[in-house]
Structure formats: C-alpha cells, structure tokens
2 protein chains.
Amino acid sequence: MALRTALLFAALAAAVSPSFAQDEKAKPKSAQEIIDAAPASDWRSLDPANTLYLELAGGRAIIELAPDFAPAHVANIKTLAREGFWNGLSIYRSQDNFVVQFGDPEAGEKNAKAQGSAKAKLPAEFERKAAGLPFDRLADSDGWAPEVGFSQGFPAARDPKTGQAWLTHCYGMIGAGRDVAADSSNGSELYVATGQSPRQLDRNITLVGRVVKGMELLSVIPRGPEPMGFYDKPEQRMAIKSIRLASEVPEAERTPLQLLKTDSRAFADAVESRRNRRDEWYKHPAGHIDLCNVSLPVRAVAVKP
Amino acid sequence: MALRTALLFAALAAAVSPSFAQDEKAKPKSAQEIIDAAPASDWRSLDPANTLYLELAGGRAIIELAPDFAPAHVANIKTLAREGFWNGLSIYRSQDNFVVQFGDPEAGEKNAKAQGSAKAKLPAEFERKAAGLPFDRLADSDGWAPEVGFSQGFPAARDPKTGQAWLTHCYGMIGAGRDVAADSSNGSELYVATGQSPRQLDRNITLVGRVVKGMELLSVIPRGPEPMGFYDKPEQRMAIKSIRLASEVPEAERTPLQLLKTDSRAFADAVESRRNRRDEWYKHPAGHIDLCNVSLPVRAVAVKP
C-alpha cells in the first residue's frame with residue numbers, strides 16, 4: 001500500500017522488525033535489525049532506585065534520573081516522590097514545539113503545596129567535571145558544543161578546553177524549572193522537551209533525566225492558550241495520579257525495561273546505519289546525524305516468573 | 001510566581017510582549033521587542049493563491065506552499081484542493097517525534113478515492129538550482145548542509161559545490177509522501193514534521209510548504225499504535241473537513257496573516273537576539289542557533305473594512 005510504505009524507512013525509531021530472508025544476506029542491516037541482533041550483554045536494565053513512574057489517566061511514563069549529572073536535584077526529586085509530593089498535582093503547561101511542565105500550579109503562591117522534607121533551594125547543576133565520566137562520543141559536528149555523544153545513556157556534551165560536561169536538551173529530556181536566579185530550582189517543577197530540541201537551554205538550567213517510555217502521553221497534551229502554554233482554567237490541567245520511585249512500587253507492578261548501552265557495538269552500528277542510510281528508499285544518505293536525532297533503543301523484558 | 005517565570009525567557013516564540021519602560025532603554029531588546037518594532041515594510045502578506053486552509057474540528061491550520069521549490073507538486077496540490085479531494089478524508093497517521101500524515105487512508109488500494117484531473121505521478125523535486133534564488137544565509141554551522149538559511153521565508157540549504165538548493169525538514173514543514181521510487185509522489189498524501197527536525201529526509205523527498213499557523217492542532221494528535229504511527233481502527237483517524245485554497249475562500253472568511261520577511265533587518269536582529277541571549281535569565285548565551293530553532297514570526301493583521 002503506497003502510503004504505508006511512503007515514509008517507511010524514514011522512521012527514526014521504527015518498531016518494525018523485518019524478518020531476515022536467506023537471500024537478503026547481502027543487504028546492509030537496518031538499525032532495527034542491528035538492535036534486534038544485539039547480544040544480551042549490550043542491554044542494561046533500569047535501576048529502580050533511579051527510575052520514576054509518572055502515572056496519568058492515559059498510562060505510565062517512565063523517567064530515568066541522572067544522579068551523576070544532577071546529584072542534588074535527583075536526591076531532592078527522590079525525596080519529593082517518596083513523600084508523594086506530586087500525587088494529585090498536575091501538568092499545568094504545554095507550549096507547542098517546546099515543553100510540557102508539571103508540578104504544583106500554585107508554586108510560589110500562598111497556597112502552594114508543602115514540600116515536606118525536600119529542600120527548597122538547590123545549587124545550579126548545569127554542568128560538571130568531565131573527568132571520570134564515561135563519554136561515547138559521536139563523530140558528528142554540532143553547532144552547540146565542541147563534542148557531543150552519550151554518557152550513561154544520556155545525550156551529553158563536553159568541552160575539552162574547560163574540562164566540563166553537561167546533559168543536552170534533546171526531545172524527552174527533563175529539567176528543573178527555575179526563576180531568574182541560577183539556584184532557584186529544587187526539582188519540584190519539572191519540564192519535558194516536546195519539540196525541536198531547545199539546545200539554547202543547555203548549561204542554563206539543570207537537566208535531571210529523560211523520559212525513556214511514554215513520551216507519546218506527554219507530547220500530545222493540548223497546548224495551553226496563555227503565553228508560554230500555561231492553561232487559563234484549572235480544569236484544563238492534566239491530573240497527575242502519582243509519581244513514585246520504581247523501587248517503592250511492588251515488583252509485580254513495575255515495568256521491566258532495558259536500554260541499549262550507548263558504549264556497545266550495536267549502538268554504534270545502529271547510529272551509523274541512520275547516519276548513512278543504505279536502504280532503497282533513501283536516495284541521498286545524509287552522512288551526518290545530529291545528537292538529538294539519535295534515538296535510544298528501549299525494549300520490554302519478560303518479568304521473571 | 002516562580003514557576004511562571006521559570007522558563008519565561010526560554011520560550012522560542014514567546015507571545016509575550018513586555019512593555020517598554022523609559023528606564024529600560026539600556027537593556028538589549030528581546031526578540032519579541034525587535035519583532036514588534038519592525039516597520040510595516042518588513043512584513044509580507046500570504047499569497048492567497050499559494051495558501052491552503054486545512055479545516056479540522058479544532059480549527060484551521062494554514063499552510064504556505066513553496067512553488068519555487070516544488071512547482072509540479074504545488075500545481076497538483078492546488079488542483080486537488082480546487083476539486084475538493086481531501087474533503088472528508090483524514091489524518092491517518094501520527095508517529096511520535098516524527099510526523100503526522102494525511103490524505104486518503106485507502107491510497108494505493110482498490111477503493112482509493114479518485115483524484116480527478118490531478119496527475120498520478122510527478123517528478124521528484126528534492127532540490128533545484130540555487131542560481132536566481134534568494135537566500136538569507138545564517139552564519140551558523142550545520143551538520144547536514146554546507147550552507148543554511150531562508151529562502152522566501154522557508155528554511156533552506158545550499159551547496160556551493162553543486163550549485164543546488166533545497167528546503168529543509170524543520171518542525172512544521174510539509175512534504176509529499178512517496179513510495180520507494182523517487183517519482184512516486186503526487187502531493188495527495190502529505191506529512192508534517194512534528195518533533196525533532198528529521199533532516200535526514202532532506203533531498204530524499206519533496207517538501208511542498210510549511211504550516212504557518214495552527215501547528216498546535218496537528219502536533220497534539222494522538223499517536224497511532226501501529227508501527228510508524230498508523231491507526232489500527234478507522235475511527236481513530238481525525239477527519240479533515242476540507243482543504244481549500246485561500247484564494248477560493250470568500251475574503252471575509254480568510255485569515256489575514258503576515259510573516260516577517262527573512263531578508264529584513266528585524267529578522268536578522270531577532271535571530272541574533274536568540275543566538276546570544278542577553279536577558280537576565282540566560283547565564284550562558286549559546287553563541288549559536290540551529291536553522292530549525294529559528295522561528296518564523298507571524299502576526300494577524302486587521303481585515304480591511
């Protein structure tokens with residue numbers, strides 16, 4: 001069917017897994033075929049102690065936290081989650097081609113929700129020392145940073161001159177909203193990038209993790225009519241049932257996920273197959289891929305009996 | 001209110017227009033202030049003969065066509081619109097962080113809708129000669145193309161070695177779905193980029209224009225459960241009331257819009273103010289902007305009495 005094949009090979013993170021035919025051995029492998037053939041050792045499981053479950057009416061979004069980049073924010077977020085801070089709060093902002101934001105719509109006001117034992121203010125965690133940090137560098141040029149790649153599965157950048165590294169604002173990354181002061185965030189108000197990657201925010205705000213499953217629940221939230229996508233009526237907000245640490249959820253209710261290691265051969269090969277498309281559909285392989293066009297392969301794993 | 005200012009200055013296309021205070025004269029102007037101060041001559045009106053109105057239950061999306069880049073496709077699309085081809089058809093695909101696609105869900109099948117006097121096949125219009133084409137070049141580097149900028153308001157790229165120019169797959173750009181053969185599109189099945197810009201498609205498929213208003217109607221369409229975002233049930237599709245050429249709509253029902261000229265001083269200044277943010281919120285101006293992070297200023301104009 002013409003239209004269904006129309007953009008077939010253009011899919012960035014195609015869920016399609018074409019079966020191997022014996023006579024197709026000569027064909028270059030697709031990214032999906034490379035991923036499917038990756039050995040078990042190329043996959044890592046999410047650490048439940050650094051995983052959040054965001055429960056919405058439409059389902060569960062799963063967030064991997066980045067404690068090595070934002071230790072103070074991640075610690076505070078874990079406190080907030082443990083104490084049920086977000087339960088019953090909402091997604092109160094959705095700005096087209098930019099972010100959705102959630103937490104307490106009354107934050108900063110008199111009737112703001114109490115934040116229990118969480119800290120009210122944290123230091124800015126915009127960047128950190130690159131030394132000692134794994135970094136799977138992409139060969140591709142990037143206008144925003146001297147070096148880009150992945151660190152522990154997160155899109156990241158590095159500057160050899162300053163010796164600093166930082167997480168980058170790719171689609172699905174989560175940051176901690178702040179006021180004008182650099183140290184005015186505490187992780188209670190979080191935003192998720194939902195459009196063209198807003199890389200101008202890199203090193204200007206603390207990124208705390210990324211959505212590894214369920215972005216489609218967040219990206220479709222109706223845009224708010226107010227400037228910057230805020231809703232003008234409380235009933236337009238989307239309720240948050242709960243945000244919990246996976247480690248505090250009974251094992252039977254957890255979502256077992258694995259992510260392809262970004263230092264694996266399969267990951268490098270999958271990126272290369274996207275950088276230079278070798279299938280029939282592509283007439284002009286780009287020879288390049290932007291950091292934020294690289295998708296992180298995720299798969300469900302069978303729960304142990 | 002802390003959270004409402006939290007990402008204030010981060011807005012890519014902020015609708016906020018801070019009023020000038022006398023004592024703020026020394027402050028660098030924001031992009032919005034620059035745009036607001038642009039003279040009337042820096043604005044152009046949409047040409048009704050190259051503008052489409054896509055009518056959905058939620059409102060009207062407005063598309064500007066690019067006849068200088070895709071003359072054959074634009075001519076065919078105008079024929080299809082004039083003859084009401086899309087009226088009663090649907091958006092039948094929404095793939096997260098990639099595209100929505102619309103037209104005839106039965107395209108290529110026995111019960112496909114007849115396409116009247118439109119051509120069934122067109123030549124590929126992936127690129128064209130750069131000679132004679134206006135090009136407002138960005139100084140910024142780009143991993144996908146040797147030169148990038150704007151041509152007649154559209155994001156575009158150019159290669160001085162080959163003398164070719166092409167439109168680029170930024171958020172909101174519209175292309176003509178095709179099968180494996182380069183010349184298998186005719187403009188009846190169209191897609192709109194709704195996530196991180198899929199620049200790997202540049203020069204691989206014919207871009208025909210862009211959504212200049214109403215992207216928020218398209219970007220929030222629930223993602224389809226099938227591979228590549230197709231819906232598995234016809235009732236999940238979003239109905240298209242009609243797609244009409246603005247020139248065929250009574251003047252009183254048209255949406256009067258103006259776009260900031262990309263060869264204007266105001267546009268260059270607004271881009272620079274985003275490339276190097278000078279407001280208090282930004283602690284680390286990027287010194288760079290990606291082509292697809294540049295937003296095209298659009299404003300409503302009063303209808304003549």
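The figures that follow rest on heavy atoms only: side chains count, while hydrogens, waters and symmetry mates do not. Below, chains carry the letters A, B, ... as their sequence lines are ordered, and counting in each starts from 1. Everything numeric in this text was worked out from a predicted model, so none of it was measured.
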Answer yes or no: is there an ion pair linking A:K121 with A:D183, defined by an N-O contact shorter than 4.0 Å? yes

side-chain hydrogen bond (donor to acceptor under 3.5 Å, both in side chains) partner of A:Y92, the single match among A:E106, A:Q101, A:Q236, A:R237: A:Q101

Determine whether the side chains of A:S30 and A:R278 contain a donor N or O and an acceptor N or O closer than 3.5 Å. no

Quick one: sort the B:W144 and A:H288 rings into parallel, tilted or perpendicular, breaks at 30° and 60°. perpendicular

Mind checking the CG-OG1 spacing from B:L201 to B:T168? Nearest 0.5 Å is all I need. 11.5 Å

Could you tell me which of B:T194, B:D202, B:D96, B:D140 has the largest number of non-hydrogen atom pairs under 4.5 Å with chain A? B:D96

NZ or CZ of B:R178 within 45° of A:W281 ring axis and under 6.0 Å: yes

Among B:D290, B:I221, B:N204, the residue with the most heavy-atom pairs under 4.5 Å to chain A is B:N204

side-chain contact (heavy atoms from CB on, under 4.5 Å) between A:S94 and A:M238, worked out: CA-CA 10 Å; A:S94 176; A:M238 179 176 286; over 6 Å; no

Of the listed A:G195, A:S141, A:G229, the one with the largest count of heavy-atom pairs under 4.5 Å with chain B is A:G195

Anything in residues 210-217 of chain B with a heavy-atom distance to chain A below 4.5 Å? Please list those residues in order. B:M215, B:E216

The reported gap from NE2 in B:H73 to OG in B:S185 (rounded to nearest 0.5 angstrom) is 2.5 Å

Which one of A:R275, A:R199, A:R203 has the most heavy-atom pairs closer than 4.5 Å to chain B? A:R203

